[in-house]
**Student:** 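Before I ask anything, here is the structure I am working with.
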Amino acid sequence: MSPARLAIAALLFGSALASRGAADTAPDPVVALERAMSAAESSLRDGELQGAETHYRAALLEGWLLLGSLEAAGGRRAEARQAFERAATAGAETQRARRSLALLLASSDKAPWTAPELDAVPRADRPALRRRVTTSLASAYLNLGVMQAQRQRFPRAAELLETAAEIDAAFPKVQYSLGVARFNAQQFDKATGPLARALAEQPQDVALKRMLAIAWLKTEAFDKAAELLRDDPGREDDASLQYAYGLALVRGNRASEAEPVFARLLARHGDSAEMNVLLGQAYAQRGDYDAAIPSLKRALELKPDVAEASAALGLIYLKQGQLPEAEAALRAELKGHPSDVKTAHNLATVLDRQGRPQEALTLLRDVLKAKPDFADARYLFGKVLLAQGAAEEAAQHLEAAARLAPEDANIHYQLGQAYQKLGRSDAAREQFEVFQKLKDKRRGGAS
């Protein structure tokens with residue numbers, strides 16, 4: 001079991017069973033809610049997960065109904081409506097929730113909301129009562145989410161835990177649990193936020209730090225991943241962590257730092273295709289193609305379908321102007337990994353340079369269908385269209401590219417060319433001015 005899943009399993013019987021006051025001593029409005037919570041937690045202690053889930057769902061119904069009444073009594077009709085709607089979907093019993101919702105919708109905005117369950121609660125005490133209700137709701141959603149995670153139903157767990165976080169973002173363990181569920185559901189872009197918040201609360205938690213580092217790596221935030229892994233106390237003795245660290249360095253264009261990492265990995269753990277790919281990529285980033293090409297070819301000898309080896313070779317050949325060799329290598333990568341949009345974009349570049357624009361456009365259409373926000377592909381698509389005389393369509397794609405990558409000078413230049421061909425002189429001049437400013441800025445930064 002992975003560290004993330006172990007953490008989820010441990011959490012169920014850790015935070016879920018926080019002690020609660022006796023339900024019988026509670027004020028009348030919350031008796032049903034707190035009895036349901038106590039019954040759920042008693043079932044958890046006895047290992048009766050199905051019974052616990054049933055009781056927690058009963059608690060959700062009682063909690064949302066009471067919260068809806070509190071919101072309506074306070075004149076917050078929109079919040080009351082949302083609470084009653086949630087009550088109607090919380091469990092099997094829906095009649096009370098639907099009746100409360102119907103009464104709310106039928107009542108006048110100016111008419112005071114009458115709720116017998118609140119008659120004995122002075123107005124001054126209602127904010128405290130509201131906090132008790134939201135605390136119970138957050139706890140119920142947290143524990144329901146953890147139970148779903150223990151059953152390996154991570155997407156559903158994440159939905160429940162997200163609701164707990166919406167109710168009370170600072171509720172104990174909610175950010176941690178949500179981040180772990182998102183991570184295990186492979187929703188890495190949604191995992192980084194709660195994991196980062198959890199790490200801020202527990203900065204010494206090594207397992208949590210590693211989980212966040214992998215999430216950053218999966219979302220291409222390579223510098224952030226490298227920063228978290230750099231000082232990991234177990235990295236030197238853990239090949240997987242060392243590999244992840246080296247990968248983050250390579251992808252973050254820090255090839256000189258990555259090379260010794262992979263050299264140590266090769267020395268300790270022997271020759272492997274994946275290691276040779278990363279080492280070849282590190283050499284290529286430095287411009288040392290004479291060292292990169294043998295490493296990448298070695299990777300393909302060890303494992304002909306290893307990811308990214310042929311893609312890296314193809315990119316090197318493209319930069320060297322060896323277009324037939326580049327095309328062959330890039331096609332080999334796509335044969336084994338057809339969803340690699342970056343490689344498809346590089347192949348389209350090769351085809352365009354070989355004077356095969358229609359083939360390039362066909363490939364780029366598929367790329368943009370898979371990844372509409374791929375700025376480089378938008379730019380190339382617009383550039384090729386412009387060369388074909390389709391200035392209007394080219395301008396649309398170049399405008400989209402400029403929105404996605406406003407600091408790319410070449411995009412603004414091509415967009416200016418498109419506007420010029422369309423007779424939009426003022427717009428063209430503006431784009432050429434932006435192009436020149438960006439070029440000047442780049443020269444100033446390089447000096």
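Scope of the values below: all heavy atoms of this structure, side chains included, with no hydrogens, waters or symmetry mates.
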**Student:** OH of Tyr419: more than 12 outside heavy atoms within 6.0 angstrom?
**Tutor:**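 Check passes, neighbour count above 12.
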**Student:** When you look at Arg156 and Glu53, which way does the salt bridge (charged side-chain N to carboxylate O under 4.0 Å, His left out) test go after all the steps?
**Tutor:** CA-CA 14 Å; Arg156 178 57 182 152; Glu53 183 171 349; over 6 Å; no
**Student:** Check this for me: Arg81, atom CZ, are more than 12 non-hydrogen atoms of other residues, nucleotides or ligands nearer than 6.0 Å?
**Tutor:**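 Counting neighbours around CZ of Arg81, 12 or fewer heavy atoms of other residues, nucleotides or ligands fall under 6.0 Å, so no.
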**Student:** Measuring only between side-chain heavy atoms, which start at C-beta, is Gln281 closer than 4.5 Å to Arg251?
**Tutor:**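 Yes, side chains in contact.
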**Student:** With a 4.5 Å limit on heavy-atom distance, are the side chains of Pro194 and Tyr176 in contact?
**Tutor:**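 No. Closest side-chain heavy atoms not under 4.5 Å.
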**Student:** Would you compute the distance between atom CG of Leu66 and atom CG of Leu118 and round it to the nearest 0.5 angstrom?
**Tutor:**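 Here the rounded value is 6.0 Å.
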**Student:** Decide yes or no on salt bridge (charged side-chain N to carboxylate O under 4.0 Å, His left out) for Glu71 and Arg130, but give the supporting numbers first.
**Tutor:** CA-CA 9 Å; Glu71 302 288 30; Arg130 188 182 188 281; 2.7 Å; yes
**Student:** How long is the span from the CZ atom in Phe222 to the CD atom in Glu227, to the nearest 0.5 Å?
**Tutor:**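 Here the interatomic distance stands at 15.5 Å.
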**Student:** Distance check, rounded to the nearest 0.5 Å: Ser177 atom OG versus Leu161 atom CG?
**Tutor:**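 The OG atom of Ser177 sits 5.5 Å away from the CG atom of Leu161.
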**Student:** If you count every heavy atom of other residues, nucleotides or ligands that lies below 6.0 Å from Lys371 atom NZ, does the total exceed 12?
**Tutor:**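 Result for NZ/Lys371: enclosed.
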**Student:** Could you go through the side-chain contact (heavy atoms from CB on, under 4.5 Å) check for Glu430 and His412 one step at a time?
**Tutor:** CA-CA 9 Å; Glu430 182 181 335; His412 293 282; over 6 Å; no
**Student:** For Ser43 and Ala39, indicate whether the former's side chain and the latter's backbone hold a donor-acceptor pair under 3.5 Å.
**Tutor:**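 Checked: pair present.
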**Student:** Side chain to side chain contact (heavy atoms under 4.5 Å, CB included) with Leu363: which of Asp352, Leu347, Val350?
**Tutor:**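 Among Asp352, Leu347, Val350, the one meeting side chain to side chain contact (heavy atoms under 4.5 Å, CB included) with Leu363 is Leu347.
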**Student:** Would Glu399 and Arg378 satisfy salt bridge (charged side-chain N to carboxylate O under 4.0 Å, His left out), going step by step from the backbone distance to the final call?
**Tutor:** CA-CA 9 Å; Glu399 286 167 351; Arg378 284 276 170 209; over 6 Å; no
**Student:** Using a strict threshold of under 4.0 Å (side-chain N to carboxylate O), is an ion pair present between Glu257 and Arg254?
**Tutor:**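 Result for this pair is yes, salt bridge flagged.
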**Student:** Going from OH on Tyr243 to CZ on Arg235, what distance comes out if it is rounded to the nearest 0.5 angstrom?
**Tutor:**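 The OH atom of Tyr243 sits 15.5 Å away from the CZ atom of Arg235.
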**Student:** Got a second to check how far Met147's CE is from Leu142's CG, nearest 0.5 Å?
**Tutor:**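 Atom-to-atom, Met147:CE and Leu142:CG are 9.5 Å apart.
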**Student:** Determine the sole option in Glu162, Lys173, Glu159 for which the side chain to side chain contact (heavy atoms under 4.5 Å, CB included) test with Leu178 is passed.
**Tutor:**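 When side chain to side chain contact (heavy atoms under 4.5 Å, CB included) is applied between Leu178 and each of Glu162, Lys173, Glu159, only Glu162 qualifies.
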**Student:** Is Lys209 paired with Asp232 through a side-chain N to carboxylate O contact shorter than 4.0 Å?
**Tutor:**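 No, no charged N to carboxylate O under 4.0 Å.
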**Student:** For a 4.5 angstrom cut-off between non-hydrogen side-chain atoms, does Tyr413 reach Gln431?
**Tutor:**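 A side-chain contact is absent here, since even the closest heavy-atom pair is not under 4.5 Å.
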**Student:** With sequence neighbours excluded, tell me which residues meet side-chain contact (heavy atoms from CB on, under 4.5 Å) with Thr89.
**Tutor:**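 In terms of side-chain contact (heavy atoms from CB on, under 4.5 Å), with neighbours along the sequence ignored, Thr89 is linked to no residue.
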**Student:** Going through the checks in order, is the salt bridge (charged side-chain N to carboxylate O under 4.0 Å, His left out) test met by Glu433 and Arg429?
**Tutor:** CA-CA 6 Å; Glu433 287 173 358; Arg429 188 182 321 85; 5.2 Å; no
**Student:** Between the side chains of Ser107 and Arg77, is a donor N or O closer than 3.5 angstrom to an acceptor N or O?
**Tutor:**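 Arg77 and Ser107 do have a side-chain donor-acceptor pair below 3.5 Å.
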**Student:** With no hydrogens and no angle check, just 3.5 Å: does a side-chain donor-acceptor pair link Asn410 and Tyr379?
**Tutor:**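 There is no such pair (donor and acceptor under 3.5 Å, judged by atom type) between the side chains of Asn410 and Tyr379.
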**Student:** Out of curiosity, Leu137 CG to Glu62 CD, how far, rounded to the nearest 0.5 Å?
**Tutor:**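 Output value for this atom pair is 10.5 Å.
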**Student:** Any side-chain heavy-atom pair from Thr349 and Leu380 closer than 4.5 angstrom?
**Tutor:**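 Side chain of Thr349 against side chain of Leu380, heavy atoms only: contact under 4.5 Å found.
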**Student:** Cut-off 3.5 Å, side chains only: do Asp238 and Gln242 have a donor facing an acceptor?
**Tutor:**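 No, no side-chain donor-acceptor contact under 3.5 Å.
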